Undergrad: 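Dropping the structure in here first, questions after.
Only this structure's heavy atoms are used, side chains among them; waters, hydrogens and symmetry mates stay out. Not measured: the values here are computed from a predicted model.
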Amino acid sequence: MNLETLNKEQKEAVMTTDGALLILAGAGSGKTRVLTTRIAYLIEEKQVSPHNILAITFTNKAAREMKERVSNLIGSMAQSIQISTFHAFGLKIVRENYDILGYDKNFVILDSEDSLTVIKRIMKEMNLDPKAYHPNAIKNKISSSKNELISPERYEQFAAGDFEKVVLEVYRRYQKTLKHNNSLDFDDLLVLPIELFRKHKDVLEHYQDHYQYVLIDEYQDTNEAQYILSKMISSKYKNICVVGDPDQSIYSWRGANYRNILNFETDYKNAKTILLEQNYRSTKTILDAANSVIKNNQGRKEKNLWSSKGEGDKISYYRAYDERDEAFYIIREIKQLLKKGVKEQDIAVLYRTNAQSHIFEEEFLKANLPFKIVGSIGFYSRKEIKDLMAYLRLIHNPKDNVSLMRIINVPKRGIGLKSIQNLIEKADRENISMYEAIDGGKEQSFKNVIEDLKKVSENVTLTELVDKILDSTGYKQELESEKSLEADIRLENLEEFKSITRAFEEAYGVISLEDFLLETSLVSDVEEYNNDPNRISLMTIHSVKGLEFDYVFVTGLEEGIFPHFNSLMDSGGLEEERRLCYVAITRAREKLYLLNARKRMLFGKDQVNPGSRFLSEIDTSLLDINTKEEPEAKIDKKDVLHDQDMNYEVGEYVYHDIFGMGRVVEIKGDLMSIAFKIGIKKLMKNHKSIHKVEE
């Protein structure tokens with residue numbers, strides 16, 4: 001077969017077929033091409049049967065793409081190769097050995113929701129309060145234990161505190177329930193094959209003889225169970241080829257252990273290592289920046305990416321005044337790119353946390369730039385934000401049946417579907433709202449909370465009202481007790497919602513709940529998230545792994561944001577953040593933009609954070625530096641009239657401390673509609689942020 005299109009190292013990786021092989025594949029170095037060509041080479045040149053090859057990757061999508069690319073090389077023989085995820089491979093083993101494992105042939109696999117239902121039922125039997133011991137927190141603890149191959153018997157050794165002891169008892173009952181019901185959960189698809197192989201050496205040897213050539217992609221992302229399973233299958237023939245990059249290991253929070261790839265040469269004494277350092281994606285400048293950042297990590301294998309694409313443009317670094325100025329800069333640059341003929345789908349804006357996205361969503365809508373949220377959903381479309389908005393709407397308008405039905409049992413209050421149906425029927429029968437139909441039971445407790453919040457709303461700011469809602473409804477407490485990454489993200493988003501209310505208060509002064517709901521509905525009701533490919537991509541850096549774009553904006557490069565404040569006290573966490581930065585930089589093909597802000601409203605509070613340490617690790621010769629000392633709009637102070645009792649007329653110019661220069665287009669009582677560059681805003685006539693400008 002023709003290998004002439006491969007570079008020297010790629011060709012060596014393809015042709016090294018016997019023994020253990022570690023391919024350290026840098027970003028954009030063609031690792032998938034090497035893997036698929038290697039499979040074809042084994043079959044066509046080494047006469048290896050397709051049945052004797054096992055290729056493992058991490059997602060169903062990646063497995064499908066790998067099989068398709070192998071099919072393009074060798075045709076229908078590719079269908080005989082076991083190319084799958086770890087879990088799909090585990091399921092195959094369980095299906096073929098269900099009787100030895102003690103299951104009936106018709107066993108079922110529980111999805112995540114089913115597992116949670118079983119755990120809730122067990123907790124009810126144990127009379128455990130779900131507010132004190134959140135079912136999701138227990139489920140996550142059991143799942144992570146299984147992936148670390150920690151059985152209930154072993155877990156007992158670690159169960160020191162009250163919560164751990166509860167987890168232990170639920171874990172024991174959960175496992176018995178699954179076995180009794182002839183069921184497995186998703187984690188069992190990794191655990192059971194290992195148990196099978198440990199107890200039945202003949203079964204293990206059968207699979208070792210079957211899969212004499214093992215190839216594993218993204219090896220840096222393997223957890224303990226996946227690592228052990230790989231080792232067991234390949235231990236007889238030791239024809240194991242793993243491909244990965246410890247510099248791109250960014251999933252420790254879901255159990256991945258990058259040390260598995262660092263220890264490969266220890267596990268396989270005669271292993272050969274091949275470095276793929278030629279990058280086919282990015283310019284030399286971008287790669288030099290990536291190399292200069294990642295070299296500061298201790299836990300890595302030394303390698304240096306290089307490119308034959310040429311130097312390329314310098315990296316644009318912009319230090320904005322605040323988060324909106326950061327967004328405005330990106331919008332200006334994108335508009336320039338579009339004028340030059342760049343397509344929207346070749347542009348990506350990256351941020352460290354989901355909570356940062358709402359600014360870009362709002363400002364891109366105002367600027368009429370088409371965009372899509374990748375790997376997540378829009379800020380206003382997230383469940384927790386929709387729940388909070390429903391509370392605000394119901395406080396404003398108790399006749400809002402839609403909002404009431406959304407939140408009457410959120411968080412859980414023991415109000416079931418039957419009770420809600422009774423309310424609907426009573427409201428229809430008496431021609432009143434569901435809220436008015438409430439006259440007792442657990443529903444009355446909910447109504448009392450809303451009534452209290454209605455009274456409170458008359459005397460507090462919007463931001464304070466949000467805090468009152470999250471506390472008095474128990475929403476915040478429920479998420480805090482869940483003790484999961486998902487719950488932490490939801491809490492972070494709810495805290496970030498206060499940045500929106502604070503921004504409104506600063507811009508408009510005293511603003512009614514009605515005005516706020518009307519204004520935000522303009523953003524939240526726009527159907528901007530669709531599958532149209534011709535859109536700018538907005539996404540977290542975790543979501544961008546495996547993707548690439550011509551033009552990439554990396555935002556929020558400030559200490560506490562990126563690197564995230566959770567990592568600052570932990571060297572391991574800081575190294576993972578640096579790997580995340582490396583991933584972000586290496587997504588760019590042609591041009592990279594790095595941004596941060598001098599001050600930023602985050603979680604409803606103004607923060608002044610120093611620039612990210614990762615910026616200082618990049619040689620300044622690679623950067624085109626542009627900083628913003630103050631807000632964009634500048635006018636001579638002598639031209640500003642500060643009399644707060646000033647009268648205004650339609651057509652007059654005003655200056656706003658945040659929005660800059662604007663023109664009055666309508667006056668109704670104490671409210672003025674003013675046209676600014678970013679759009680029309682309604683403002684209180686004598687708010688301290690507005691000043692009349694002499695013509």
Undergrad: Do you know the tightest heavy-atom contact between F58 and Q226?
TA: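 For F58 and Q226, the tightest heavy-atom pair comes out as CE2-OE1, 3.6 Å.
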
Undergrad: Can you name the closest pair of heavy atoms from V583 and R587 and give their distance?
TA: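 Of all heavy-atom pairs spanning V583 and R587, the closest is O-NE, 2.7 Å.
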
Undergrad: Provide the closest heavy-atom pair for S616 versus R613 in the form atom of the first, atom of the second, distance.
TA: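 Looking at all heavy atoms of both residues, the shortest contact is OG-O, 2.6 Å.
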
Undergrad: Could you verify whether a donor N or O on one side chain and an acceptor N or O on the other, from T273 and E265, lie under 3.5 Å apart?
TA: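 Checked: T273/E265 side chains pair up, N/O donor to acceptor below 3.5 Å.
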
Undergrad: Anything under 30° is parallel, anything over 60° is perpendicular, the rest tilted; go ahead and classify Y219 against Y227.
TA: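 The arrangement is tilted - the two ring planes meet at 30° to 60°.
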
Undergrad: Any idea which heavy atoms bring D322 and D325 closest together, and the distance?
TA: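 The answer is OD1-N, 2.9 Å.
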
Undergrad: Check D245 with K303, please: is the shortest side-chain N to carboxylate O separation under 4.0 Å?
TA: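 Answer for the salt bridge query: yes.
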
Undergrad: I'd like to know if R535 pairs up with E344 as an ion pair, taking the criterion as any Lys NZ or Arg NE/NH1/NH2 lying under 4.0 Å from an Asp or Glu carboxylate oxygen.
TA: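 Here R535 does not pair with E344 in a salt bridge, since their nearest N and O are not under 4.0 Å apart.
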
Undergrad: If we ignore angles and hydrogens, is there a donor and acceptor under 3.5 Å between the side chains of H358 and E496?
TA: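 Short answer, yes.
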
Undergrad: Is any side-chain N of the basic residue among E326 and R600 closer than 4.0 Å to the acidic one's carboxylate O?
TA: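 Salt bridge present between E326 and R600.
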
Undergrad: Just by distance, with hydrogens left out, do N596 and Y318 show a side-chain donor and acceptor under 3.5 Å apart?
TA: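 Not at all, the side chains of N596 and Y318 share no donor-acceptor pair under 3.5 Å.
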
Undergrad: Looking just at side-chain N and O atoms, do N260 and T222 make a donor-acceptor pair shorter than 3.5 Å?
TA: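 Per modelled atom types, N260 and T222 side chains form a pair under 3.5 Å.
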
Undergrad: Please step through ring pair (Phe, Tyr, Trp, His ring centres under 6.0 Å) for the pair F562 and F614, ending with a clear verdict.
TA: CA-CA 9 Å; F562 192 19; F614 304 147; 5.7 Å; yes

Undergrad: Salt bridge or not for K231 and D267, using N-O below 4.0 Å?
TA: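 Yes.
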
